[in-house]
Each structure stands twice: as structure tokens, then as C-alpha cells.
Amino acid sequence: VSALGAATMRGRGSPRRPWFALLRKGKAQPPDRVFAPVWLVLYGTIAFSAWRIWRAPASPERTRALRWWAAQLGLNGAWTPLFFGLRRPATALADLALLDAAAGSYAVAAAKVDRVAAVAVLPYLGWLGFATYLNGAIVAKNRRTLLAG
């Protein structure tokens, strides 16, 4: 998922390009340089959590948790191409809403299998909430520009 995001960010999708730079953003928008290290850590915790669930004894709860993990990862992977590649912040926001629900469902399912795995994704859930705010602010503050473009 990280590699897909990196590939999408090249060229047209880069936040250094005028399209993103010219968008009005929310007051809490961090500098672009913050995102790579944050996501590096978050992807590590997401992988660690999945590894703990994967090595747990087979059970319907484990299977459910792994399915939610795969679903949230797919939705996570879709966000960057939607937002930066296709330049569709509103569609990316809808993806984020689904991602929030899937990641939350994963955390609940993971807690039934391995408490440490569930706790490991709490920072990810927090960041997803923040990302949803940031994406929503861009949609709200650029409605006319996005509809015209």
C-alpha cells in the first residue's frame, strides 16, 4: 500500500505540485514533511497488529479480524490515488469514511483475538480521524474550485 501511494505521488500526484499547493486547507494542516514519517510509523504498527492476529490460533474471530484488516488496507491504498492521482478530494473523503469504519471494525475484531494487536492500531485510528478532518476541510474550503476543475 505504501509503494502504491509513493507511485501515485510521483509527477501529477505530488503535494509539491501547484494543484495541491493552491488548495485552501484547514487551520490544523501540518507541513507536508510530517506525513511520511507519521505514515512510516503507522504502517509499522498496522503490520505489527496484523502479524499478532495472524499468528493467533485459527478461529472465526481471527478470520473476521484479518478480513477487516485486509478491507481497511485496501481502502487505505485507494485514498492516495483518489486524492492525488485523480484529484478527487470528495471521493477520497468518502473512501476515508469507509476506511474509518473498516479500521474501527478491525480494532474491535482484533481485540477479541489479541488485545496488544488492538491497542497497536489506536494511533492509526486517531490519525485517520485527523486525516478525515483534513480531507473534509479541503473539500469544504474548495468546493467551487473542485467542482469547476
Check the hydrophobic clustering (I, L, V, M, F, W, Y; side-chain heavy atoms under 4.5 Å; chains of links allowed) and say if [X] and [Y] are grouped together.
X	Y	result
L23	V139	no
L93	L82	no
Y133	L128	yes
W51	V41	no

Distance-minimising heavy-atom pair for V113 and A56: CG1-CB, 3.5 Å
Taking every non-hydrogen atom, the tightest pair across V34 and P37: O-CD, 3.3 Å
Face-on cation placement of R64 at W68 ring, 6.0 Å and 45° thresholds: no
Check residues 94-109 and write down every donor-acceptor pair under 3.5 Å in which the side-chain atom is one partner and the other belongs to a residue at least two apart or another chain.
{"from": "D100", "atom 1": "OD1", "to": "T132", "atom 2": "OG1", "distance (Å)": "3.3"}
{"from": "D100", "atom 1": "OD2", "to": "T132", "atom 2": "OG1", "distance (Å)": "2.8"}
{"from": "S105", "atom 1": "OG", "to": "A101", "atom 2": "O", "distance (Å)": "2.9"}
{"from": "Y106", "atom 1": "OH", "to": "S49", "atom 2": "O", "distance (Å)": "3.4"}
{"from": "Y106", "atom 1": "OH", "to": "S49", "atom 2": "OG", "distance (Å)": "2.5"}

Distance in Å, W39 CH2 paired with T80 OG1, rounded so as to fall on 0.5 Å steps: 8.0 Å
Reported OG1-to-CG distance for the pair T45 and L125, which is rounded to 0.5 angstrom: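 Atom-to-atom, T45:OG1 and L125:CG are 9.5 Å apart.
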Polar side-chain atom of N135 near backbone of A131 as donor-acceptor pair, under 3.5 Å: no
Polar side-chain atom of K25 near backbone of F20 as donor-acceptor pair, under 3.5 Å: yes
Partner set under side chain to side chain contact (heavy atoms under 4.5 Å, CB included) for P123, not counting sequence neighbours: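 Once residues adjacent in sequence are excluded, the partners of P123 under the side chain to side chain contact (heavy atoms under 4.5 Å, CB included) criterion are L42.
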Test side chain to side chain contact (heavy atoms under 4.5 Å, CB included) applied to A58 - qualifying residues, sequence neighbours left out: R62
Side chain to side chain contact (heavy atoms under 4.5 Å, CB included) assessment of V38 paired with F130: CA-CA 12 Å; V38 167; F130 182 56; over 6 Å; no
Close side-chain approach of Q72 and V121, heavy atoms under 4.5 Å: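 Not in contact.
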Min side-chain heavy-atom separation N76-Y124 under 4.5 Å: yes
Validation row, ring centre W127 to ring centre Y43 under 6.0 Å: no
Ring centroid separation W79 to F83 under 6.0 Å: yes
